[in-house]
Amino acid sequence: VALLPPDPVSVAPDLTLVLDVAPGQGRARQEAAGKATDRLDDEDPAFHARVGGAYLAAEARGVRHLDANRPPAEVANDAWDAIRQVGGFA
């Protein structure tokens with residue numbers, strides 16, 4: 001508790017990674033992995049467009065968008081690069 005700032009509500013992450021992936025690509029990956037759909041997956045396309053739009057518009061200190069339409073290994077490398085930069089390890 002002594003490590004918390006006086007106002008813990010003001011604590012913000014140093015880095016937030018937003019994995020930007022086209023809805024069709026995301027759905028295809030779910031199906032290829034054999035993932036069962038849940039109630040959010042079953043929402044209509046307009047819902048997914050609104051939610052996706054909000055994530056695409058996210059801009060704040062520490063927010064970094066990664067193109068997740070690429071192969072997972074490339075996305076992971078970019079994510080680790082971002083983490084190293086924020087952590088001072090780059």
Side-chain angles (χ1 to χ4, degrees):
V1 174
L3 298 177
L4 291 176
D7 178 13
V9 175
S10 66
V11 174
D14 293 324
L15 178 65
T16 301
L17 297 176
V18 179
L19 304 180
D20 296 330
V21 64
Q25 174 79 340
R27 178 74 69 190
R29 288 180 180 174
Q30 287 177 319
E31 290 173 1
K35 180 186 177 285
T37 60
D38 60 27
R39 72 174 184 81
L40 290 177
D41 296 326
D42 294 333
E43 288 286 342
D44 62 71
F47 168 83
H48 289 285
R50 285 192 309 274
V51 172
Y55 278 106
L56 287 173
E59 292 183 16
R61 184 185 70 78
V63 172
R64 176 136 180 223
H65 289 261
L66 301 179
D67 177 3
N69 294 298
R70 298 172 301 137
E74 291 180 25
V75 178
N77 284 336
D78 284 355
W80 281 114
D81 287 345
I83 292 166
R84 282 190 284 275
Q85 290 171 3
V86 169
F89 305 111

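Just so it is clear, the values below take in all heavy atoms, side chains as well, and ignore hydrogens, waters and symmetry mates.
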Could you tell me whether Tyr55 atom OH has more than 12 heavy atoms of other residues or ligands within 6.0 Å of it?
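No, OH of Tyr55 has 12 or fewer neighbouring heavy atoms, counting only those of other groups under 6.0 Å.
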Nearest 0.5 Å, please: how far is NE2 in His48 from CG in Leu40?
7.0 Å
Hydrophobic cluster membership, Val86 vs Trp80, 4.5 Å side-chain cutoff:
yes
Are Ile83 and Leu19 joined in one hydrophobic group, where the rule is that I, L, V, M, F, W and Y side chains link up if heavy atoms are under 4.5 Å apart?
yes
Within-4.5 Å side-chain heavy-atom neighbours: [X] and [Y]:
X	Y	value
Val21	Arg29	yes
Val75	Asp67	no
Arg61	Asp14	yes
Lys35	Asp41	yes
Leu15	Arg64	yes
Arg70	Asp78	yes
Asp20	Asn69	no

Measure from the side-chain N and O atoms of His65 to the backbone N and O of Ala57, and report whether any donor-acceptor pair falls under 3.5 Å.
no
If you look only at pairs with a residue in residues 42-55, which of them pass as a salt bridge (Lys or Arg N to Asp or Glu O under 4.0 Å), with sequence neighbours excluded?
none
Heavy-atom pair with the smallest gap, counting every atom of Leu17 and Ala79
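Scanning both residues, the minimum pair turns out to be CD1-CB, 3.7 Å.
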If you take all heavy atoms of Thr37 and Arg27, which pair is closest and at what distance?
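Nearest heavy atoms, Thr37 then Arg27: CG2-NH1, 3.7 Å.
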